[in-house]
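First the proteins, then the strands, lettered A, B, ... as listed; each starts at 1.
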Amino acid sequence: MIELSNIRKAFNQGRHNEYWALHGIDLSVEAGKVTAFRGPSGSGKTTLLTIVGCLSRPTEGRVRFKGEDISGLPERFLTDIRRQSFGFVFQQFNLIKGLSAVDNIILPGMPSGRPRRNLVERADELLDQLKLGHRSRARVEWLSGGEQQRVAIARALINDPEVIIADEPTANLDTALSKEFLAILEGFTDAGKTVLLTSHDPLVVESSAVHRVVGMRDGRLIPD
Amino acid sequence: MRPWLEKQLHLIDFTLVSLARRKTKNVGLLLAYTLIVFVLASLSLFTHALRSEASYVLAGSPEVILQRMVAGRHDLIPAGYLERIGRIRGVQKKEGRLWGYYYDPVVNANYTFMARPASEVADGTIMVGSALARERGLAPGNTISFRSYAGKLFGFTVAAVLSPDSELLSADLVLLSESDFRRFFEYPEGHYTDIALSVANPQEVRTVAAKLSAALPDSRPILREEVLRTYQSLFDWREGIVLTVLAGAILAFAILAWEKASGLSAEERREIGILKAIGWETSDVIRMKVWEGLIISLTAFLLGGIAAYVQVFHFGAAVFAPVLKGWSVLYPRFTLVPAVDGLQIATLFFFTVVPYTAAVLVPIWRAAITDPDAVMRA
C-alpha cells in the first residue's frame, strides 16, 4: 500500500546547521496491518511518519501510495490525499481549545463541503463507539487525557481514511488508558484500516494488536 | 455548487466561533478600529455637510458684489457709482448694500448690521439672528440698545428672530432699516458699503466683472463662486487642522490595531498547523482568516460610520463643531442636512477596511504556507 524508496530527509539544508534526519529508508507497508516504528528520541520515527502522511516532503527518494508516486505532487494534491486517505492522531492530541469535542471532530470534514448535519451525526456515532457520547458537547480542555485522545481518534476517523497515523499515541496515557487504546487499535484492523504508529512503549510494541515492529536508530532502519 | 456553499458556510461558522474564542483581543480591536472610523467619518461627514450647506445658502446670494478699495482697504462706495454701473452692458440688476460690524461688549461678540428696505424692517425695529437672540435672550417685542461708534445710544424693538434654517450665515446678523443704519453708523446719503449685482447671462459673469474692473479701477468685483470657494477652502483648512491635531492619536490607535491584527499568537500558529495537518488547504486557512479580518473591520466600519452619522446629523457634531465651524462667540446652531456621497464612503472604506484586511492577511499567508509537519513536533 505504501512504498518508500531511498527516503532521505534533511533539515536546514545548505546552512551551517544542516541536519540529516533520515538516511535512505526503504520500506513497504502492508494494507490492513498495524506497523509500529520503535526507536529512541531523534531516531527519525516522527520524520518518517510526516513523510508517509504527506505532511512534509522527502529531500530525496520516492513515496508511492497505492502504486502512485506522490513525492512530487503539488501541495494542493497532497492536501487532498492527506484529507481523504489519512487520519492523524498526534502525541499532544492537537485539539483546538474552546471548541467542543464534536466541533473538533468535524474539522477535517469541513473542506470537503459535507453538510454540517451529516458531519455531526458521524461525529456522534464515532464518539458513541469510543464510549464518549456523553461528553460530545463538552469543550475539549475540560476533558481528561484519555477522553482527549479518544476525541483525537474520532477526528482522525471522520473522513473514513484508509490509513491511520499515530505518533506516540500512548505517551500521555497511563497503563489502563494505553490498554484501551490497544483495544481501539484492534478495532481499526477489524475495519480494514492500515495503521502506522511510533512508540517506544513496550505495552504497545509488544502487543498482539501490532503486526509488525520496525526498529529505527539514527535515521536508519534496524534490520529485523 | 452545494459542497462549495457548504464549505463557505463551514468557514464562516468556524470564523465566528474563532472570534468568540478570542473575545478580549477581538473586542479590543473592534473598539480601537471603531474609534478610528468614528473620528475620520465624523470629520469627513461634517465638513462635507458644511460645504453642502454653504453651497445651498450661497446659491441665493448675488452673483457679483462690488467693493471699493482705498489704499488696499475696503471703503464706502460714493454716490454716482450705481448710475455708472447701470451703464455697463450685461448688468441686469444693481443694489447698493449697507452693512457693518458692531462689537457688543456685553457678550464680547461681533454682530453684523445690515440695512434692509423699510418695507421689510420698519424704522426703530430690528430683526436678529438666532444665535444672537439666544446669547442676548431676545424675543420678538423685546427692546435692546446699542451704543454707536459716535457714543450715542440707540434703542430698537426686536420685530422678529431670523429662521434657524439660515443660521450658518445669519447667526450674528442684525437687520435694520436703511435710515436707522445710516443714522447709527453716520453714513452719508447715497453712499453704500458695497453693491450687489446680478448678470443677465450667467455665462458672462467673468466678462462683466472684467468690465467693472476696467470702468471702475478702484473697485473689486467678488464673484459668488469665489465666495463659495473661499468657504470650501476654509472648511478644508479647518478639517486639515483637526486631522493634524488628531493625527497622533489616530496613528497610535492605528498602530495598536495593526499590531493586534498582524501579530499571530503561538496558539494561532499552532491552530493553523493543526488545520493544515488534518486536511485544510492553505487557501481555506487564508480564506477563514480573511473572513475574520473582514468581519472585524466591516463591523468597525459600520459601527464607526453609523455613530459618526448620528453624532454629526442628530447631535450637531458636538465633538468637532467648535473647531470646524469657527472660533466665534456666536456659534451657529443648526441641524445639518445629511449629505453623504459615495466617494466619501469609498475613501473611508479604503483607509480603514483595506489596510486592516491586509494586516491580517500577510502574517496568515506566511503561517499558512509553512509545512504542516511542525504540528507533529509541537
Next on the checklist: Do A/Ile106 and B/His10 make a side-chain contact, defined as non-hydrogen atoms from C-beta onward lying under 4.5 Å apart?
Outcome noted: no
Item to check | A/Arg82 portion near chain B, given a 4.5 angstrom heavy-atom threshold | outcome: side chain
Next on the checklist: Please classify the contact of B/Leu11 with chain A as side chain, backbone, both or neither, using a heavy-atom distance under 4.5 Å.
Outcome noted: neither
Checklist entry - Given the options B/Lys276, B/Arg22, B/Glu267, which has more heavy-atom pairs under 4.5 Å with chain A than any of the others? => result B/Lys276
Checklist outcome for this item: Okay, A/Arg114 and chain B: the region with an atom under 4.5 Å from a heavy atom over there is backbone
Next on the checklist: Are the side chains of A/Met110 and B/Lys7 in contact, using a 4.5 Å heavy-atom criterion?
Outcome noted: no
Next on the checklist: Nearest 0.5 angstrom please: B/Arg270 CZ to A/Lys97 NZ, how far?
Outcome noted: 6.0 Å
Checklist outcome for this item: The reported gap from CD1 in A/Ile105 to CD1 in B/Ile278 (rounded to nearest 0.5 angstrom) is 11.0 Å
Checklist entry - Do other residues, nucleotides or ligands put more than 12 heavy atoms under 6.0 Å from A/Arg38 CZ? => result no
Checklist entry - Which bit of A/Asp80 comes within less than 4.5 Å of chain B, counting heavy atoms only: side chain, backbone, both or neither? => result side chain
Item to check | Nearest non-hydrogen partners of A/Phe90 and B/Ala277, listed with the distance | outcome: CZ-CB, 3.8 Å
Checklist entry - Closest heavy-atom contact between A/Ser112 and B/Pro3? => result O-CB, 4.0 Å
Next on the checklist: Minimum heavy-atom separation for B/Ile274 and A/Leu95, please, with both atom names.
Outcome noted: CD1-O, 4.2 Å
Checklist entry - So, does B/Trp280 use its side chain to make a donor-acceptor pair with the main chain of A/Arg83 at under 3.5 Å? => result no
Item to check | Test item: A/Asp103 and B/Phe14 side chains (from C-beta on) under 4.5 Å apart, heavy atoms | outcome: no
Checklist entry - Which pair of non-hydrogen atoms, one from B/Gly279 and one from A/Thr79, has the smallest distance, and what is that distance? => result O-CG2, 3.5 Å
Checklist entry - Is B/Leu9 close to A/Arg116 at the side-chain level, that is, under 4.5 Å between some pair of heavy atoms? => result no
Next on the checklist: Between A/Gln84 and chain B, with a heavy-atom cut-off of 4.5 Å, which part of the residue counts as in contact: side chain, backbone, both or neither?
Outcome noted: neither
Checklist entry - Does CD in A/Glu18 sit with more than 12 non-hydrogen atoms of other residues, nucleotides or ligands closer than 6.0 Å? => result yes
